[in-house]
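When reading the values below, keep in mind they use all heavy atoms of this one structure, side chains included, and skip hydrogens, waters and symmetry mates. By convention in this document, chain letters (A, B, ...) are assigned in the order of the sequence lines, proteins followed by strands, and residues within each chain are numbered from 1.
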There are 2 protein chains.
Amino acid sequence: MTTETAVRPMRIGEVAEQTGLTPRTIRYYEEIGLLGAGGDGSEPREQGKHRCYTSADVERIAEIVRLRDLLGLSLDQLSQLVEAETARAEIRREIKETDDPARKRELLTQANGHITTQLILVRSRVAELSKLEVELAERQLLCEQKLAELAE
Amino acid sequence: MTTETAVRPMRIGEVAEQTGLTPRTIRYYEEIGLLGAGGDGSEPREQGKHRCYTSADVERIAEIVRLRDLLGLSLDQLSQLVEAETARAEIRREIKETDDPARKRELLTQANGHITTQLILVRSRVAELSKLEVELAERQLLCEQKLAELAE
DNA sequence: TGGTAAACTGACGTTTACGTAAGAAAGCGA
DNA sequence: TCGCTTTCTTACGTAAACGTCAGTTTACCA
């Protein structure tokens, strides 16, 4: 009797459905190094065999897509930003497996750095957009005032 | 003696500098209808003659670039969003020149609609990004907590 | 009224981000 | 084990957004 609630492996088609991407796009992202080579973090997959993903992989991919859409970065910039999300998966895996507290600290610090980088970018983007929003709102107000004057 | 403080006409190179675009890009935007055909709102420019822009044109172009960068839209979507920014320049010009209050009201209402459309888009984008920001911040907190546990 | 810097008009080239087609191989249920 | 669906790899195709000549033409100024 094995653990029934274990990670159900998925193939590329299902991942594509759940992320809104196409299989081709997923392969392409893997090709340019934006996604990890095997699918999940296990052994690098043998030539010709089907890719295999876990639900954790799906979450990571979905998040990359989210960053892509919201920040409008090129895939190249995106790669740098997530600094091979692959590596992060690697990190998470290693965090759970290692017992060395020094190593654990190192990994956590690294992950924290990645998050911080992303936060900085997101926040600056929010700031810029907010500024734009204010300016647009002001113009809208002006427009409405003029309309009100005309109506009196 | 002419009005010395009048609109100083600019040529494409200067506009490029001020907007951070290249002359080619400006011509391209004009080519696809994102920018108006002549430069400024005067007569449509004769074949072969230099394009001529006013500082108002520069502002409009800069704003289009801003929307492009912040929203990450395709130039096609962007065209729809600003609905030929040309038209808006046209509207402004006509607003100043017309004395017909009915026409004026119509133009103002139209301009207001454009602004509203942009505001909706910007606001939804801000909302999405803010949500992402919160999630990233939560993760960051978690990371730091774990690090703190390790350090005790 | 030359001369020169900057601009104009094609037209083809390039990069990014995938789409699409073809033939072979893998997986999985019956 | 057979058959069918889904993937795999390879490779060429494509749309968007410009870059880059090349040969002319303007616009400005000494």
Side-chain angles (χ1 to χ4, degrees), chain A residues 8-40 42-54 57-58 61 64-82 85, chain B residues 2 7-40 42-54 57-58 61 64-82 85:
Chain A
R8 182 174 61 94
M10 306 168 59
R11 289 183 310 178
I12 201 170
E14 197 172 348
V15 175
E17 255 184 272
Q18 294 197 17
T19 57
L21 301 176
T22 68
R24 166 62 173 148
T25 299
I26 296 176
R27 290 193 202 100
Y28 177 64
Y29 284 3
E30 178 184 322
E31 190 182 327
I32 63 172
L34 182 52
L35 297 179
D40 65 16
S42 53
E43 300 305 300
R45 185 174 68 102
E46 296 165 49
Q47 160 80 347
K49 292 199 121 189
H50 290 185
R51 287 166 181 77
C52 175
Y53 304 86
T54 68
D57 291 325
V58 172
I61 294 175
I64 288 180
V65 170
R66 201 175 170 196
L67 285 171
R68 180 195 69 178
D69 293 340
L70 287 181
L71 296 181
L73 304 174
S74 73
L75 297 184
D76 212 54
Q77 296 173 301
L78 198 51
S79 285
Q80 294 188 14
L81 178 59
V82 298
E85 190 71 6
Chain B
T2 57
V7 282
R8 182 174 61 94
M10 305 168 61
R11 289 183 311 180
I12 201 171
E14 197 172 347
V15 175
E17 254 183 89
Q18 294 197 17
T19 57
L21 301 176
T22 68
R24 166 62 175 150
T25 298
I26 296 177
R27 290 194 203 100
Y28 177 64
Y29 284 3
E30 178 184 325
E31 191 183 325
I32 63 172
L34 182 52
L35 298 178
D40 66 16
S42 53
E43 301 305 298
R45 186 174 67 103
E46 296 165 48
Q47 163 80 347
K49 292 197 124 193
H50 291 185
R51 287 165 181 78
C52 175
Y53 304 85
T54 69
D57 290 327
V58 173
I61 294 175
I64 288 181
V65 170
R66 200 174 170 195
L67 286 171
R68 181 196 70 178
D69 293 340
L70 288 180
L71 297 180
L73 304 174
S74 73
L75 297 184
D76 212 55
Q77 296 173 302
L78 198 51
S79 285
Q80 294 189 15
L81 177 59
V82 299
E85 189 72 4

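Put simply, NE2 on B/H50 is 14 Å from P on C/dA5, counting in whole angstrom units. One interatomic measurement links the two molecules: CG of A/L34 to P of C/dT16, which rounds to 14 Å at whole-angstrom precision. One can place CD of B/E46 at 10 Å from P of D/dT26, the figure rounded to the nearest angstrom. B/E31 has its CD atom 12 Å from the P atom of D/dA16, to the nearest Å. Atom pair A/M10:CE and D/dT7:C1' shows a separation of 15 Å (rounding to whole Å applied). Here C/dA26 presents its C1' atom at 9 Å from NZ of A/K49, a figure rounded to the nearest Å. Rounded to whole Å, the distance from OH on A/Y29 to P on C/dT16 is 14 Å. Counting to the nearest Å, the P atom of D/dA16 and the CG atom of B/L73 are 15 Å from each other.
Heavy-atom minimum distance, B/R11 versus B/Y53: C-CD1, 4.2 Å.
By the 4.5 Å heavy-atom criterion applied to side chains, A/V82 and A/L34 are counted as neighbours. Side-chain atoms of B/Y29 and B/I61, non-hydrogen and from C-beta on, never get closer than 4.5 Å to each other. Using a 4.5 Å heavy-atom threshold, the side chains of A/I12 and A/H50 count as separate.
At a non-hydrogen distance threshold of 4.0 Å, B/T22, B/R24, B/T25, B/Y28 from residues 20-28 of chain B come into contact with DNA chain D.
Side chain of A/R66 to backbone of A/L70: no donor-acceptor contact under 3.5 angstrom is found.
Of the listed residues (B/L78, B/T19, B/D69, B/L21), just one forms a side-chain contact (heavy atoms from CB on, under 4.5 Å) with B/I64, and that residue is B/L78.
The closest side-chain donor-acceptor pair between A/D57 and A/T54 falls under 3.5 angstrom.
Toward the 5' end of DNA chain D, the nearer of the two residues B/D76 and A/G13, judged by each one's closest nucleotide, is A/G13. Projected onto DNA chain C by closest heavy-atom contact, B/R11 and B/Q47 fall at different nucleotides, the more 5' of which corresponds to B/R11.
At C/dA7, none of the side-chain N or O atoms of B/R45 fall inside 4.0 Å of OP1 or OP2 (strictly under the cut-off). Between B/R51 and the phosphate of C/dC8, there is a side-chain N or O to OP1/OP2 separation shorter than 4.0 Å.
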